[in-house]
2 protein chains.
Amino acid sequence: MNARRAAAGGAARDQRPDPAGKDATARRAGGGYDDIRDRLRTLTLRQQRFERYLGREMRVDAAGLAVMDHLVANGPATPTDLARRLDASTAATTLVIDRLVAGGHASRAPHPTDRRKVVVSPAEDWEASAFEHVSPIVRGVNEAVESLSEQERATVAAFLDRVVKAYDDAIRP
Amino acid sequence: MNARRAAAGGAARDQRPDPAGKDATARRAGGGYDDIRDRLRTLTLRQQRFERYLGREMRVDAAGLAVMDHLVANGPATPTDLARRLDASTAATTLVIDRLVAGGHASRAPHPTDRRKVVVSPAEDWEASAFEHVSPIVRGVNEAVESLSEQERATVAAFLDRVVKAYDDAIRP
DNA sequence: GTGAGATTACTAATGAAGTTAGCAATCTCG
DNA sequence: CGAGATTGCTAACTTCATTAGTAATCTCAC
């Protein structure tokens, strides 16, 4: 079997005919709109790639990483909290936590007052061993921040706030 | 059955005892290191959330979105190219493309010169209908860029470059 | 108090999606 | 030309997520 591509003739277009029409619009080196937007896109790509890398290194899947990130950043949380954070069902979250616990990355404990709830906490060593992989980035970002004047930091921070706000506003409508 | 939580007694720790030790280190409003790093992290979170949202809206899974993003940004590509972009196997990529084609989001065409290859192209209307969802963000970012002076744009662009480089450097070792 | 209804975390059954292995067709190049 | 590399795909298997349903617990109007 496998008679693939049996003379399915047809003109395949040229390679890369200015895909997104960027030449025309902006790209005037130094101050164009797309200039910074492209960098933001590239940053997203790198972050995603780094997350895949980190997941492989630490033997944790994407959902597990998101949970661990939340646990480290916001402290112990209940499965329902984590489910909301993941935009996933509580059932899926139960399995994610199962995997994390089995891998020694997190632990479950009963909630002190509400006996329906469970409190998930990151393992002692998690933050340290994760930091081992993340530290190059932290260092790189710190250096980038250090290279800025106080005023420039405020500019960058304000800019990032506006970008975050743009994402927030884009979801609801 | 289901005799869960059968007196699994044990003191569950307090809620949020300064999870990452941020109070101590930095957080001095306005110019701390973490100040900007936190914003970058928040940005990542928002981007991820937006991607889930966009995927739901356009009936495309995460891998499919990554492929479409690549197709729109870099022009038509072969499955092998896309597989590299996804950090996935070519087999998985075949399935991703199958789904995109079935959904009318992309199409396959034989490569003009190399008859082993296949060229995947985005559907005509994809970019437009995707832009419908993305435009609020593009607008928001554009406004944020507009609010900056020429010099500030250069500062932000250079900063983003350094952050991207930090991610690049963090992966190889 | 008490009992109806909401919450919480989990299990079970099913479906969707990725991986490795392997193959046929094609290209490359000594 | 012909050995070896490339390309895209299929097949078998594994993994992960979803929907539906359940037991335990909590809330709160009465």
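Heavy-atom basis, side chains included; hydrogens, waters and symmetry copies ignored. Labels below follow one simple rule: chain letters A, B, ... track the order of the sequence lines, proteins then strands, and each chain is numbered from 1.
- Protein atom CZ of A:Arg108 is 10 Å distant from nucleotide atom P of C:dA9, rounded to whole Å.
- When the nearest nucleotides of DNA chain D are assigned to A:Asp87 and A:Thr90 by heavy-atom distance, the more 5′-ward of the two goes with A:Asp87.
- Contact between the side-chain N/O atoms of B:Arg116 and the OP1/OP2 oxygens of C:dC23 is not found at any separation under 4.0 Å.
- Looking at A:Arg85 and B:Leu45, their side chains come closer than 4.5 Å, going by heavy atoms from C-beta outward.
- By the 4.5 Å heavy-atom criterion applied to side chains, B:Thr90 and B:Pro79 are not counted as neighbours.
- The nearest whole Å value for the distance from the CZ atom in A:Arg99 to the C1' atom in D:dT15 is 8 Å.
- Of the candidates D:dT18, D:dT7, C:dA9, the closest approach to any side-chain atom of B:Lys117 belongs to D:dT7.
- At the phosphate of C:dT19, OP1 or OP2 sits under 4.0 Å from a side-chain N or O atom of B:Ser89.
- Closest to the side chain of A:Asp114, from the set D:dT25, D:dT10, D:dT18, is D:dT25.
- Annotation: of the two residues near DNA chain D, A:Thr93 and B:Arg84, the 5′-most nearest-nucleotide partner is B:Arg84.
- At least one side-chain heavy atom of A:Leu40 sits under 4.5 Å from a side-chain heavy atom of B:Leu43.
- The separation between B:His111 atom NE2 and D:dT6 atom C1' is 13 Å, rounded to whole Å.
- Atoms CG (A:Asp61) and P (D:dT14) sit 18 Å apart, rounded to a whole Å.
- The base of D:dT25 is not paired with the side chain of A:Arg115 by any donor and acceptor separated by under 3.5 Å.
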Practice task
Give the intermediate values and the outcome of side chain to side chain contact (heavy atoms under 4.5 Å, CB included) for residues B:Met58 and B:Met68.
Solution key: CA-CA 11 Å; B:Met58 313 219 38; B:Met68 293 308 301; over 6 Å; no
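- Atom CG in B:Leu100 sits roughly 16 Å away from atom P in C:dA16 (whole-Å rounding).
- A 4.5 Å side-chain heavy-atom check between B:Tyr167 and A:Gln47 finds at least one atom pair inside the cut-off.
- Put simply, CG on B:Leu82 is 11 Å from P on D:dC9, counting in whole angstrom units.
- Going from atom CG of B:Leu95 over to atom C1' of D:dT15 covers 14 Å, rounded to whole Å.
- In this structure, CG of A:Asp98 is placed 12 Å from P of C:dA12, rounded to the nearest angstrom.
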